[in-house]
Q: 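Right, I'll just put the structure down here and ask away after.
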Amino acid sequence: MRKLYYLGIAMVLAFTMLMTSCKKDDPVIPDGTDTSDEQHDLAQLILGTWDIDVNVSTMHEEESFNGETVIEDYTLLEEGMVECQFIFREGGKMTMITVYDENGQIQRYADELNYDIVDNTIVLDGSETMVVTSIEGSRMILDEHQTTTYSDGVYSWDMHLVCDKQ
């Protein structure tokens with residue numbers, strides 16, 4: 001009987017501690033679990049206009065062909081991108097605006113894409129995936145990885161995007 005009494009007290013204490021320590025945190029960091037509520041929350045959080053910081057967003061490329069490996073790391077600005085913006089709208093529509101400086105010639109591109117939220121991932125046009133590594137206040141971090149295997153080698157890249165909401 002005494003064991004049940006102490007077990008009951010322990011359960012009440014644990015429940016009390018759990019309830020007082022739980023709150024809806026801001027920032028929200030997606031954890032990759034598959035629930036419609038979290039997908040809905042993420043879908044709401046990404047809505048709006050996001051400026052990609054081309055000074056700190058990076059690209060890492062690895063090429064391994066015929067036994068030779070080449071690795072390159074650079075910022076998007078070093079690649080020639082001077083501006084980038086993602087505009088997420090309701091209904092799974094997104095506009096991506098990019099501006100490049102191509103040898104002194106400014107080139108502006110606007111692409112309309114469809115997107116879906118799957119777990120903590122943004123799926124663009126049904127195939128390209130960007131993981132929402134974190135979203136905190138007006139800052140979102142997106143990471144993307146892709147590997148392509150050829151008969152004579154492998155090409156892979158990782159992109160790390162630092163996005164600030166307008």
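Source: prediction; values computed, not measured.
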Q: Would you give the length of the straight line joining atom CG of Asp53 to atom CG of Asp164, rounded to the nearest 0.5 angstrom?
A: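 So the gap between those two atoms works out to 6.0 Å.
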
Q: Going by atom types only, do Arg139 and Ser134 share a side-chain donor-acceptor pair under 3.5 Å?
A: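 No, because no side-chain N or O of Arg139 sits under 3.5 Å from a partner of the opposite role on Ser134.
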
Q: Which atom pair, heavy atoms only, marks the closest approach of Ser156 to His145?
A: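 Closest pair (atom of Ser156, atom of His145, distance): CB-CE1, 4.2 Å.
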
Q: Just verifying a value: how many Å separate Gln85 CD and Met96 CE, rounded to the nearest 0.5 Å?
A: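 One gets 12.0 Å once the value is rounded to the nearest 0.5 Å.
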
Q: Is any side-chain heavy atom of Thr129 less than 4.5 Å from a side-chain heavy atom of Val131?
A: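 Not touching, per the 4.5 Å side-chain cut-off.
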
Q: Could you tell me if the side chain of Ile52 sits less than 4.5 Å from the side chain of Glu83, heavy atoms only?
A: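 With C-beta onward as the side chain, the pair stays apart.
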
Q: Can you confirm whether Thr58 sits close enough to Met159 that some side-chain heavy atom of one is under 4.5 Å from a side-chain heavy atom of the other?
A: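 No, too far: nothing below the 4.5 Å cut-off.
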
Q: Could you state whether Leu47 and Met130 fall into the same hydrophobic cluster, counting links through intermediate Ile, Leu, Val, Met, Phe, Trp or Tyr residues with side-chain heavy atoms under 4.5 angstrom apart?
A: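 As far as the 4.5 Å side-chain criterion goes, Met130 and Leu47 are connected within one cluster.
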
Q: Mark yes when over 12 heavy atoms from residues, nucleotides or ligands other than Gln105 sit less than 6.0 Å from its CD; otherwise mark no.
A: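 Not buried by this count: 12 neighbours or fewer within 6.0 Å.
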
Q: Can you check whether Gln146 reaches Tyr155 side chain to side chain, under 4.5 Å on heavy atoms?
A: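 The answer is no; the side chains never approach within 4.5 Å.
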
Q: Would you give the length of the straight line joining atom CD of Glu112 to atom CE of Met94, rounded to the nearest 0.5 angstrom?
A: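 Answer rounded to 0.5 Å: 9.5 Å.
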
Q: Under 30°, 30 to 60°, or over 60°: which ring-plane class applies to Phe88 and Tyr115, parallel, tilted or perpendicular?
A: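 Judged by the thresholds at 30° and 60°, the geometry between Phe88 and Tyr115 is perpendicular.
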
Q: Any side-chain heavy atom of Val99 sitting closer than 4.5 Å to one from Ile106?
A: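 Yes - at least one pair of side-chain heavy atoms lies under 4.5 Å apart.
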
Q: Determine whether Asp143 and Asp158 make a side-chain contact, defined as any pair of heavy atoms from C-beta on separated by less than 4.5 Å.
A: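 Asp143 vs Asp158: side chains apart.
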
Q: If I compare all heavy atoms of Asp119 with all of Leu42, which pair ends up nearest, and what's the gap?
A: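 Shortest heavy-atom contact: O-CD2, 3.8 Å.
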
Q: List the steps and the verdict of side-chain contact (heavy atoms from CB on, under 4.5 Å) for Ile141 and His160.
A: CA-CA 7 Å; Ile141 306 297; His160 179 77; 3.2 Å; yes

Q: Rounded to the nearest 0.5 Å, what separates atom CZ in Phe86 from atom CG in Leu124?
A: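 Those atoms lie 7.0 Å apart.
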
Q: How long is the straight-line distance from CG of Leu161 back to CH2 of Trp50, given to the nearest 0.5 Å?
A: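 Trp50 atom CH2 to Leu161 atom CG measures 12.0 Å (nearest 0.5 Å).
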
Q: Nearest 0.5 Å please: distance from the CD1 atom of Ile117 over to the CD1 atom of Ile46.
A: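 It comes to 3.5 Å.
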
Q: How far apart are the closest heavy atoms of Thr75 and Val54, and which atoms are they?
A: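 Taking Thr75 first and Val54 second, the nearest heavy atoms are CB-O, 3.7 Å.
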
Q: Between Ile87 and Leu142, is there a shared hydrophobic cluster once you connect ILVMFWY residues whose side-chain heavy atoms come closer than 4.5 Å?
A: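 No, no single cluster joins them.
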
Q: Would you say that more than 12 heavy atoms from the other residues, nucleotides or ligands in this model lie under 6.0 Å from the CD of Gln166, or not?
A: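 Yes, CD of Gln166 has more than 12 neighbouring heavy atoms, counting only those of other groups under 6.0 Å.
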
Q: Just by distance, no angles: are the side chains of Tyr74 and Glu61 close enough, under 3.5 Å, to form a donor-acceptor pair?
A: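 Present: a donor and an acceptor within the cut-off.
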
Q: Do Met81 and Ile97 belong to the same hydrophobic cluster, where Ile, Leu, Val, Met, Phe, Trp and Tyr are linked whenever their side-chain heavy atoms lie under 4.5 Å apart, directly or via other members?
A: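 No; tracing contacts between hydrophobic side chains, which count when under 4.5 Å, never links both residues.
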
Q: Are side-chain heavy atoms of Val132 and Met140 found at a separation under 4.5 Å?
A: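 SC-SC contact between Val132 and Met140 confirmed.
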
Q: Give the C-alpha distance, both sets of side-chain angles, the deciding distance and a yes or no for side-chain contact (heavy atoms from CB on, under 4.5 Å) between Val154 and Thr147.
A: CA-CA 7 Å; Val154 176; Thr147 299; 3.6 Å; yes

Q: Indicate the atoms forming the closest heavy-atom contact of Thr98 with Cys84, along with that distance.
A: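 Distance-wise, the nearest heavy atoms are CG2-SG, 3.7 Å.
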
Q: Does some side-chain heavy atom of Met59 sit less than 4.5 Å from a side-chain heavy atom of Trp157?
A: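 They are in contact (side-chain heavy atoms under 4.5 Å apart), so the answer is yes.
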
Q: Check whether Asp152 reaches the backbone of Phe65 with its side chain - one donor and one acceptor, N or O, closer than 3.5 Å.
A: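 No.
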
